[in-house]
Amino acid sequence: MSEEKSLNFIEEIVENDLNSGKYETLVTRFPPEPNGYLHIGHAKAICLNFGLTQKYGGYTNLRFDDTNPVTEKTEYVNSQQEDIKWLGFNWKNELYASDYFDELYSFAVKLIEKGLAYVDEISADEIAALKGTPTEPGQDSPYRNRSVEENLDIFTKMKNGDFPDGAYILRAKIDMASPNMLMRDPIIYRIKHAEHHRTGNKWCIYPMYDFAHGQSDSIENITHSICTLEYVSHRELYDWFIEKLEIFPSKQYEFARLNLTSTVMSKRKLLQLVNENLVSGWDDPRMPTISGLRRRGFTPKSIREFCERIGIAKRENLIELSLLEFCIREDLNKTASRVMAVLDPIKLIITNYEKGTEDLIGENNPEAEDGGGTRVIPFSNELWIERDDFMEVPAKKWFRLAPGAMVRLKFAYIVKCEDFVKDENGNVTEIHCTYIPESKSGNDTSGINVKGTIHWVSAQHAKTAEIRLYDRLFTSETPDAEEGDFKDYLNPESLKVLPNAYIEPALADADLEGRYQFIRKGYFCLDKDSTADKLVFNRTVTLKDTFKKPN
RNA sequence: UGUCCGAUAGUAUAAGGGUAGUACGACAGUUUUUGGUACUGUUUGUCUUGGUUCGAAUCCAGGUCGGACAACCA
């Protein structure tokens, strides 16, 4: 009875390969370089690779592409593993390109022996000059025709540490006139006297991406090596090495990377935001990193759903942030407890409420399958309500509080605004209401219908909390595409801190896992900065708001 | 000036020679003790010019536009 969902182009390739018997077992891999934190774009690749083997059987490896020791750190390895697990995926093998350094070295020797690689010793500038341009062919290096013996000898010495960085490099001998720049004798090994996060100082030569990635895929018998579009032109080289090395023929397929409005996704730029303290860290709730989204209150499910909805194709795309927001609202609507918090308070006094205090019952979540249970909410004659729920001169179609107007206090009574007090600056400081005793929520016999319901917190019982409101990180939808520095387009109002908001007492028990809807205000979660005497809440996302502001 | 990749509503994504569909967004309405949720409805699209064909988003050719490629990064 399940609905027929159309396949994306990669699923089609996989199904064909499986049905034709080309492969018995599907093997994919997720291959991050441990040089930064994973972001939502990586989540797309993670969901694709792991999703494929969940759907079609087989397995997915986690392989760290750690061939450049100067940018990589164990800290990143750890965070990347944590993020993948948090998203809900399990890899079969935890592997590292650096596990294959010996094998990769012997692949290079094999290439030299076949006359398909040579040691060059001209400078980087000279190499670039001889490379030609996309429209002009390159020229051979004077060292291109060294003998196999000499190449082997120098390459061995490179490995042994006899030379400083940059003195020699190993190049594949392909075609200096190829229309594909990557085929113009690409560099495959360079000398780098640097400590590697895993192999330490064992090596002073390291393979380049192109001489490590495809070979690693092949060693692991990866059947479908899925990467983003910028690697299309690498595919020719990928296949060339596999063919010449005569190893397992993994195949590379490319899909369009995710772009999201109002943020940046490149690791270089994210690192800049972190290093220049423009955000509080990789896990700043405004960051598009997995850790940032987690801290912001996103759930793994919502991110998986998002990745499902954006689809997989080869067209360049720019996804609207509103889709991500839709996904998290959809999830949280079903799971978040409804509670009351007043962010921008103003005092409301019920002049005819005699009783000092009263316990009311609140439903935690009518949207949840089990209703979410109930809780006690203390009520009294002095409440905090939201400042913008009162208008001295009501706008048209205003159904909140205004002089003479009636609203329901959520879970409580209907009140009528009788009067209000202003300070010397003309700001309203207090609203005086009368309540209708027969209108109590649950057994309302008043017969009165009001259009508006507002949230509140009993002043006498309220706790205070710091609340952090987040907005998009950039004012431009495409900060990457703007003139000048992308940082010029940072949104100065991306974080607004309310140090003293009022929350209902039940919220004092909030924990890091909890998800809350502050009624009419949005979805919130506790931040890790919270302490026993100071709770801090992050706004994950606002509620959808279709009320047109009077202006 | 070269090679490669791509082009379907505002944004994404289907339709693989036979009725252009879905989601998000936007707009309107119903319900509602959250101006939320739920439900209903409306809206807007095949880059262009030719060709093949009874029939083209789909196949072919040219054009236009967008992206990628000249790191001892991945």
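Side chains included, hydrogens not; waters and symmetry mates left out as well; all remaining heavy atoms used. We name chains A, B, ... by the order of the sequence lines, and we start the count at 1 in each one. It should be emphasised that the depicted structure is a prediction, and the values quoted were computed from it without experimental measurement.
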Chemist: Between the base of B/rU1 and the side chain of A/E136, is there a donor and acceptor pair under 3.5 angstrom?
Modeler: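 It does not, because no donor-acceptor pair links the side chain of A/E136 to the base of B/rU1 below 3.5 Å.
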
Chemist: Within this structure, what is the CZ-to-P distance between A/F306 and B/rA12, rounded to whole angstrom?
Modeler: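 For the pair A/F306 CZ and B/rA12 P, the rounded distance is 11 Å.
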
Chemist: Students often get this wrong, so: under 4.0 angstrom with heavy atoms, is A/G452 touching a base, only sugar-phosphate, or nothing?
Modeler: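 Answer is nothing: A/G452 stays at 4.0 Å or more from every strand.
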
Chemist: Considering only side-chain heavy atoms of A/S441, which listed nucleotide, B/rC5, B/rU13, B/rU33, is closest?
Modeler: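 Of the options given, the side chain of A/S441 lies nearest B/rU33.
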
Chemist: Rounded to whole Å, how long is the line connecting atom CG of A/L324 with atom P of B/rU11?
Modeler: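 So the CG-P distance, A/L324 to B/rU11, works out to 18 Å.
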
Chemist: Expressed in angstrom and rounded to an integer, what is the separation of A/L360 atom CG from B/rU33 atom C1'?
Modeler: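 Answer to the nearest Å: 13 Å.
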
Chemist: Identify the residue among A/K131, A/R171, A/R144 that makes a side chain to side chain donor-acceptor pair (under 3.5 Å) with A/D185.
Modeler: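 Only match with A/D185 under side chain to side chain donor-acceptor pair (under 3.5 Å): A/R144.
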
Chemist: Is the A/F64-A/Y96 ring centre distance short of 6.0 angstrom?
Modeler: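 Under 6.0 Å, so yes.
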
Chemist: Going by the side chain to side chain contact (heavy atoms under 4.5 Å, CB included) test, name the single residue among A/I226, A/L52, A/N8 that passes it with A/I312.
Modeler: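 Result for side chain to side chain contact (heavy atoms under 4.5 Å, CB included) with A/I312: A/N8.
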
Chemist: Rounded to whole angstrom units, what separation is found between the CD atom of A/E367 and the C1' atom of B/rU33?
Modeler: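 After rounding, the gap between these two atoms is 13 Å.
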
Chemist: Are A/H213 and A/Y238 an aromatic pair by the rule of ring centers under 6.0 Å?
Modeler: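 For A/H213 and A/Y238, the ring centres are not under 6.0 Å apart.
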
Chemist: For a quick check, with a 4.0 angstrom heavy-atom cut-off, what is the B/S/- contact string for nucleotides 68-74 of chain B, read 5' to 3'?
Modeler: SSB-BSB

Chemist: Could you measure between the two C1' atoms, the one in B/rU48 and the one in B/rA7, and give it in whole Å?
Modeler: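 These two C1' atoms come out 11 Å apart once rounded.
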
Chemist: Answer whether the closest heavy-atom distance between the side chains of A/L104 and A/T67 falls below 4.5 Å.
Modeler: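 Not in contact.
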
Chemist: Take the protein atom CG of A/L401 and the nucleotide atom C1' of B/rG35, then report the distance between them rounded to whole Å.
Modeler: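 To the nearest whole Å, that distance equals 15 Å.
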
Chemist: Could you state the CZ-C1' distance from A/R400 to B/rU33, rounded to the nearest angstrom?
Modeler: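 Roughly 15 Å, once rounded to whole Å.
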
Chemist: Rounded off to whole Å, could you give me the CD-to-P distance for the A/E308 and B/rA14 pair?
Modeler: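 That distance rounds to 12 Å.
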
Chemist: Could you check A/D389, A/T542, A/T453, A/D545 and say which one makes a side chain to side chain donor-acceptor pair (under 3.5 Å) with A/R520?
Modeler: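 Going through A/D389, A/T542, A/T453, A/D545 one by one, the side chain to side chain donor-acceptor pair (under 3.5 Å) with A/R520 is satisfied by A/D389 alone.
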
Chemist: Taking all non-hydrogen atoms of both residues into account, name the closest pair between A/P378 and A/S458 and its distance.
Modeler: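 The answer is O-CB, 3.3 Å.
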
Chemist: Rounding to an integer number of angstrom, what distance separates B/rU11 and B/rG36 when you compare their C1' atoms?
Modeler: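 Taking atom C1' in both B/rU11 and B/rG36, they lie 24 Å apart.
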
Chemist: Could you run down nucleotides 21-26 of chain B 5' to 3' and tag each one B, S or - for protein heavy-atom contact under 4.0 Å?
Modeler: --SS-S

Chemist: Just call it for A/I312: base, sugar-phosphate, or nothing, with non-hydrogen atoms closer than 4.0 Å on any strand.
Modeler: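 Result for A/I312 = sugar-phosphate.
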
Chemist: Closest to the A/K314 side chain: B/rU33, B/rU13, B/rG6?
Modeler: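 Selected nucleotide: B/rG6.
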
Chemist: If you take atom types as modelled and just measure distance, does the side chain of A/R520 reach the base of B/rU34 with a donor-acceptor pair under 3.5 Å?
Modeler: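 Such a pair does not exist between side chain and base.
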
Chemist: Please report the distance, rounded to the nearest Å, between CG in A/N443 and C1' in B/rU33.
Modeler: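 The answer, rounded to whole Å, is 13 Å.
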
Chemist: Across the strands shown, which category fits A/I319 at heavy-atom distances under 4.0 angstrom: base, sugar-phosphate, nothing?
Modeler: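 Sugar-phosphate: the residue A/I319, judged by heavy atoms under 4.0 Å, touches backbone atoms but no base.
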
Chemist: Check whether any side-chain nitrogen or oxygen of A/R315 sits under 4.0 Å from OP1 or OP2 of B/rU13, and answer yes or no.
Modeler: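 Looking at the OP1 and OP2 atoms of B/rU13, one of them is under 4.0 Å from a side-chain N or O of A/R315.
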
Chemist: On the ring face of A/F326, is A/R309 found with NZ or CZ under 6.0 Å from the centre and within 45° of the axis?
Modeler: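 Negative - A/R309 is either too far from the ring of A/F326 or too far off its axis.
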
Chemist: Looking at every non-hydrogen atom in both residues, tell me the closest pair between A/I319 and A/L258 and how far apart they are.
Modeler: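 Shortest heavy-atom contact: CG1-CD1, 3.4 Å.
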
